[in-house]
Amino acid sequence: MATTQIVMQAQGLVKRYGQVTALDGVDFELRAGEILAVIGDNGAGKSSLIKALSGAVVPDEGQILLDGKPVQFRTPIDARRAGIECCYQDLAVAPAMTIAENLFLGREIRCEGVMGSVFRKLDKKKMLETAIARMADLKVGIRSMTQAVETLSGGQRQCVAVARAAAFAEHVVILDEPTAALGVKEGNMVLELIRRVRDKGLAVILISHNMPHVFEIADRIHVARLGRRAAVLNPKKISMSDTVAVMTGAMKPEDIPADCLAH
Amino acid sequence: MATTQIVMQAQGLVKRYGQVTALDGVDFELRAGEILAVIGDNGAGKSSLIKALSGAVVPDEGQILLDGKPVQFRTPIDARRAGIECCYQDLAVAPAMTIAENLFLGREIRCEGVMGSVFRKLDKKKMLETAIARMADLKVGIRSMTQAVETLSGGQRQCVAVARAAAFAEHVVILDEPTAALGVKEGNMVLELIRRVRDKGLAVILISHNMPHVFEIADRIHVARLGRRAAVLNPKKISMSDTVAVMTGAMKPEDIPADCLAH
Amino acid sequence: ADQPIIGLITKTETNPFFVKMKEGAQAEAKKLGAKLMTASGKKDGDTAAQITAIENMVTAGAKTILITSSGDAIIPAVKKAQAKGVQVIALDSPFDGADALFATDNYKAGILIGQYAKAALGGKPAKIAMLDLFPGHPVGAQRHNGFMTGFGLKANDAKSNELSSTPETVCAADTDGNQAKGQTAMENCLQKAPDINVVYTINEPAAAGAYNALKKAGKEKGVIIVSVDGGCAGVADVGKGVIAATSQQYPLKMAAMGVAAGVDYAKGGKKASGYVDTGVTLIADKAVAGVESQSVKVGTDLCWGNK
Amino acid sequence: MNTLKDKLPPLSQLGPFIALAVACVVFGLTTDNFFTPANLALILQQVMVVGVIAIGQTLIILTAGIDLSCGMLMALGSIVMTKFAVEYGLPVPLAILCGVGVTTLFGLVNGLLVTRIKLPPFIVTLGTMNVAFAITQLYSDAQTVSNVPESMTWLGNTFGLGDTQFAYGVVLMVALYLGVWYWLRDTASGRHVYAVGNNPEATRLVGIPTDRVLLGVYVLAGVFYGIASLLTVARTSVGDPNAGQTENLDAITAVVLGGTSLFGGRGMVLGTLAGAIVVGVLRNGLTLMGVSSVYQVLITGILVILAVTVDQLSRKGGR
Amino acid sequence: MNTLKDKLPPLSQLGPFIALAVACVVFGLTTDNFFTPANLALILQQVMVVGVIAIGQTLIILTAGIDLSCGMLMALGSIVMTKFAVEYGLPVPLAILCGVGVTTLFGLVNGLLVTRIKLPPFIVTLGTMNVAFAITQLYSDAQTVSNVPESMTWLGNTFGLGDTQFAYGVVLMVALYLGVWYWLRDTASGRHVYAVGNNPEATRLVGIPTDRVLLGVYVLAGVFYGIASLLTVARTSVGDPNAGQTENLDAITAVVLGGTSLFGGRGMVLGTLAGAIVVGVLRNGLTLMGVSSVYQVLITGILVILAVTVDQLSRKGGR
Ligand SMILES: Nc1ncnc2c1ncn2[C@@H]1O[C@H](COP(=O)(O)OP(=O)(O)OP(=O)(O)O)[C@@H](O)[C@H]1O
Ligand SMILES: Nc1ncnc2c1ncn2[C@@H]1O[C@H](COP(=O)(O)OP(=O)(O)OP(=O)(O)O)[C@@H](O)[C@H]1O
Ligand SMILES: [Mg+2]
Ligand SMILES: [Mg+2]
């Protein structure tokens with residue numbers, strides 16, 4: 001079955017910061033073409049998990065498999081080469097640079113012809129146009145694409161980061177709380193964008209604290225708790241309040257009805 | 001009537017950044033002991049508004065009244081002297097300093113006796129204990145209060161900033177998207193905290209994109225749109241979807257049923 | 001193992017003058033079986049480093065310290081060292097309280113080139129560019145004021161640290177004794193006064209820089225450049241007509257005398273004393289009437305004090 | 001949207017040029033000879049060495065670093081290339097290559113220490129400054145290397161343009177500035193230099209090899225110092241072991257006057273050129289005014305502060 | 001929770017002390033006289049002037065600034081206090097006060113330019129460095145001021161402790177370090193210095209008057225430079241217009257070696273003391289080993305890099 005093919009898998013990941021154990025042997029599975037929501041309390045280790053998956057940090061123990069093959073991501077570049085794009089929670093933007101520049105940072109478009117191949121000139125016009133189009137997709141009312149990111153409102157800044165990750169991924173898109181600072185309209189646009197990405201055949205990991213969003217869009221829910229995976233739930237079967245109960249530890253994983261679990 | 005007494009008022013505030021007009025003549029009223037929610041699309045000028053109210057930016061035009069008297073906040077210090085505390089969206093924390101230090105930044109507690117009055121020694125123990133108590137109120141599982149804020153997870157960091165604003169206000173508390181990065185449990189704790197603050201008799205301004213939160217807690221809703229105030233709504237009367245419609249401009253302010261407006 | 005330890009502290013180590021001095025001291029120390037320690041300031045005027053070096057050398061057991069003083073601030077440290085039985089000899093630059101001074105007279109060096117320039121210019125009205133060291137340097141002031149005195153202009157005496165100026169000195173600029181800066185200074189002076197006919201320079205690198213500037217402006221012919229030091233390269237420049245005349249000094253001699261005095265003190269316990277003038281000789285390619293000078297050949301033989 | 005106003009650099013970037021203009025007007029009014037074409041061409045010649053060093057320094061400061069070793073590397077490079085040509089009789093192009101190679105090597109060492117061991121650039125370059133200084137002195141015996149072949153000093157020669165003589169080296173300097181300006185503004189790798197200085201962690205996370213960018217910048221700076229070595233040889237016709245002692249401060253001053261932030265990520269290389277020229281103009285103008293040297297130091301101090309004040313105020317106005 | 005381990009400073013802050021220990025062991029093994037109490041006391045005397053300057057420098061660097069004027073201010077202060085006492089016959093305490101007053105005034109000017117006009121500290125202090133140098137030269141006529149009254153040089157006197165002679169100035173220096181350490185660590189205003197350096201905008205937003213903190217730091221640094229003036233007078237018994245030429249780089253080096261970040265907000269003043277002593281130990285130890293001065297520069301360059309490398313690696317280990 002095509003949909004059960006596992007794109008990305010992690011086994012027993014451990015990450016310690018001094019005395020704090022952020023990841024305590026977490027397992028993880030992402031299937032092809034699915035939207036996997038990752039939820040959990042603050043400090044549960046969600047961001048640490050996806051940082052390990054995207055090469056931003058190197059786990060102390062455990063292994064990561066991509067398409068069934070073990071991989072070692074030492075830097076985000078490794079992950080990017082494998083077609084994985086990530087939008088981090090503490091937005092990775094260069095504040096003094098413009099929106100268009102931030103969108104294309106590390107993936108700049110060069111001019112055609114000699115100017116591009118010999119003089120390596122950037123096609124600023126094209127990048128600007130693409131940036132305008134991408135941001136219009138998200139319906140963010142940004143007045144000028146050549147303004148520095150540091151002059152944007154919180155939500156506008158987040159849109160820039162989300163748009164970047166969605167635009168360039170070829171295999172897996174990881175979004176860490178992409179809608180946190182967004183308004184209702186913009187948040188819905190991002191959900192729309194995520195669906196479109198999935199429909200292109202990419203797998204999406206979505207971290208969110210917004211339960212309605214999660215239940216609206218997720219195919220499966222990975223519940224993180226105290227640095228481990230508490231359960232993987234099926235949003236079609238389980239209720240929102242039970243999910244929250246599992247997340248906060250009010251409901252033990254073994255008490256979850258079997259049909260609510262996802263496989 | 002005690003509850004209709006206006007604590008804070010702004011008239012025709014204008015703030016321009018270069019060609020961008022962030023505030024375009026916005027009016028604003030905050031009543032004693034109420035929780036006023038401020039909602040609006042990304043870039044609607046919510047953060048700019050509260051920055052003007054808290055002295056973080058000086059508006060180009062318009063005036064601000066506190067308890068009916070015109071005030072000129074040139075710096076956040078002026079606002080703080082007037083008993084106004086603000087938790088900003090781009091969290092104003094010193095990343096290299098510890099949680100306890102950040103909580104008490106600018107409001108440090110000195111030792112009793114000679115050590116305090118002559119040697120101006122800080123009572124680190126007391127500050128640490130208070131910090132632990134405050135963070136426990138919010139049920140954030142932070143393992144050590146002497147860890148640097150830069151090592152915290154996104155939500156934990158936000159709790160620090162929220163706790164600080166709530167702890168020291170004497171008149172008005174302004175919270176800019178305090179629950180954005182918070183988990184379900186922690187988010188509810190913050191709502192709980194806001195209620196407690198209100199019950200102490202303080203007025204609260206809450207910016208949020210989370211409609212369920214807004215409807216759960218707000219006494220009145222100020223809708224910001226394109227740098228102006230579109231309407232002030234009564235959450236007891238109006239529906240969530242109508243509110244969103246007003247916010248996004250789908251419903252014209254003049255079409256709102258009169259009883260849904262708040263006064 | 002019981003070699004006498006002798007310390008040599010120079011102003012810097014970037015000036016051939018002091019490098020030669022060090023070489024002279026090393027050669028002499030080797031000859032006489034002494035151990036030489038060296039130190040220097042980071043730049044000219046770095047008295048703090050010299051004081052530290054004095055203290056460290058005393059700790060290391062030096063019985064004689066030779067020093068080219070960067071400023072009178074070292075005097076108290078010298079006194080402290082002397083109180084511990086250390087002989088301190090001033091080389092090149094005098095200061096109060098040294099047991100002995102082996103030096104040239106920089107004021108006199110200035111006078112010699114001043115006289116030469118005056119005579120070489122003949123009766124023409126003088127337009128002089130003064131390419132100095134940097135503000136506040138005693139050697140710079142002595143050479144500068146000496147030159148002006150020799151030229152017959154009104155100037156401060158040998159004790160003054162202030163640079164005199166008269167209407168004839170149409171331009172003055174600092175060079176740090178460095179060729180590139182000397183060139184820049186001369187270029188700027190030529191903009192100010194295109195008809196400069198005499199150039200005083202603090203040392204020969206500055207003179208070479210000045211010559212470069214003149215040459216680029218096509219004016220190297222009618223201008224008299226005078227300088228001080230008489231280093232081997234400088235004398236060669238005199239031979240090439242770059243520099244008209246230079247006052248030659250003898251750092252190797254100073255150093256060798258100092259080391260010898262140190263060894264004497266270690267062996268016999270007798271301190272050197274008094275002022276020994278190691279001499280200054282005017283070296284010029286073309287002798288002028290009324291001013292005694294030596295030829296380039298003599299200058300080459302003697303340069304830095306080789307003989 | 002694409003009006004002329006958008007195309008001009010924002011007023012905030014004009015600060016250094018305004019300061020330069022003010023300085024020129026003042027000297028033009030107070031002296032006779034300042035505003036002659038010959039004098040202006042001369043100033044350019046005088047700043048060409050520091051100007052080229054300051055290009056390398058700008059790159060490093062844009063990445064939030066600093067390079068104290070630049071002047072000493074320049075001196076070492078000039079000694080190596082002149083000695084190789086004069087004493088070992090190497091062909092001039094090869095000797096030049098060796099000199100540039102040495103400065104580039106030192107740039108590489110700086111870069112490796114900064115990127116691999118993550119040492120602060122200040123300390124690394126303080127160390128290599130001392131090392132380069134010592135090697136220069138030891139290798140040259142503190143002696144000037146003269147009799148440099150004509151062909152090595154060609155860049156110091158001038159050509160007439162109207163009545164004015166311009167040095168080829170000045171043309172080279174301007175060309176380098178334009179090249180780097182283009183590179184920083186219009187190519188991906190140039191933008192990455194800004195990104196690394198602006199937010200290194202974010203730059204790493206978007207998948208740019210920040211260490212490689214940094215290393216490249218240090219190496220490239222080394223190349224510029226090597227070119228500066230050649231220019232100083234061309235200008236003075238000798239290899240001077242005492243060169244480069246004040247160039248590091250001068251170069252940093254030019255960069256900061258030019259509006260580049262010492263915290264990295266913000267600035268413009270053409271501003272550095274303006275900054276370097278401001279320093280040269282001050283020195284030239286004050287000498288022309290006949291100000292004596294202590295007073296020159298005093299006035300330079302005050303004028304430097306005034307220049308940035310003008311800059312700063314023009315920025316505020318520009319907002 | 002409150003174990004001993006928690007109370008000790010984290011290993012990352014021990015770096016400079018480790019470097020210091022390594023340097024001492026090396027010199028102890030290679031020379032006879034290094035580890036004598038007299039020599040160690042001497043080193044402390046030699047670093048006391050730079051040590052006190054470096055306190056002021058640390059404060060400024062903690063706020064993400066830099067002060068190039070420190071050495072020149074120290075020289076100016078020493079000229080003022082000695083001239084006032086010797087030439088105008090002012091009572092010694094008053095003369096000292098005047099000297100400290102002048103450096104403090106310059107600190108105030110630095111601070112005002114940084115906080116009011118928002119100029120970069122690098123440029124401001126570059127300017128005041130030149131101004132202070134010129135004033136020193138003009139006012140002193142470039143002449144050393146001697147015959148300084150005994151009472152003004154009292155801090156240079158020594159007292160016996162066992163066989164070893166310690167200077168009173170060293171005691172003062174250590175006391176100042178401990179005082180500033182306490183201030184920075186245990187008082188609100190001290191913590192605000194860190195906060196301003198760490199995130200100035202956030203510090204402003206929580207309602208701390210950042211400009212006042214900054215201004216205070218620059219003024220206080222001026223006071224420390226004034227004290228350093230007194231110490232240099234005490235150490236040399238003269239007022240020396242040539243003093244202070246290398247002290248700014250030395251002081252910054254001590255601060256950076258001591259583990260304070262040039263980007264502000266992170267560091268420890270006691271590390272600076274260790275850093276200053278490392279510089280003094282290197283100079284002393286190499287002279288004792290009989291290393292000649294060019295090689296000293298070479299070795300210092302390499303050792304400075306090694307010292308921070310040790311520091312850096314010990315930090316990584318500490319994580
Ligand atoms: N660099 C670091 N140094 C020390 N501790 C860290 C570091 N990064 C994360 N931690 C700790 O690891 C734990 C997990 O953090 P993580 O950011 O993964 O949480 P999260 O699930 O993403 O939380 P949130 O929902 O608040 O973003 C937290 O307790 C945090 O304090
Ligand atoms: N410092 C600044 N310079 C230039 N433009 C700015 C600046 N700060 C805000 N703006 C602009 O002002 C507008 C309003 O911004 P503001 O931060 O008030 O929005 P907001 O309502 O808080 O949005 P969000 O919900 O995304 O936080 C935005 O278009 C933003 O780009
Ligand atoms: Mg997170
Ligand atoms: Mg906002």
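Below, read A as the first sequence line, B as the second, and so on, with proteins coming before strands; counting in each chain starts at 1. Note that the structure is a prediction, hence the values are computed from the model and not measured.
With no hydrogens or angles considered, a side-chain donor-acceptor pair links D/Tyr225 and D/Asp67 at under 3.5 Å. D/Asn110 and D/Thr125 share no side-chain donor-acceptor pair at under 3.5 Å. Donor-acceptor pairing under 3.5 Å is lacking for the side chains of A/Asn210 and A/Ser208.
Around CH2 of D/Trp183, the count of heavy atoms belonging to other residues, nucleotides or ligands within 6.0 Å exceeds 12.
At a threshold of 4.0 Å, the pair A/Glu61-A/Arg16 counts as salt-bridged, since one of the basic side-chain nitrogens sits closer than that to a carboxylate oxygen. Of the charged side-chain nitrogens involved, at least one lies within less than 4.0 Å of a carboxylate oxygen, so that D/Arg191 and A/Glu101 count as a salt-bridged pair.
By the 30° and 60° cut-offs, the orientation of the rings of D/Phe159 relative to D/Tyr168 is tilted.
With a threshold of 4.5 angstrom between heavy atoms, A/Lys121 approaches chain D through its backbone and through its side chain. The contact between A/Phe119 and chain D is made by backbone and side chain atoms together, counting heavy-atom distances below 4.5 Å. With a 4.5 angstrom heavy-atom cutoff, D/Arg266 touches chain A only via side-chain atoms.
Residues of residues 103-110 of chain A lying under 4.5 angstrom from chain D, judged on non-hydrogen atoms, are A/Leu105, A/Gly106, A/Arg107, A/Glu108 by number.
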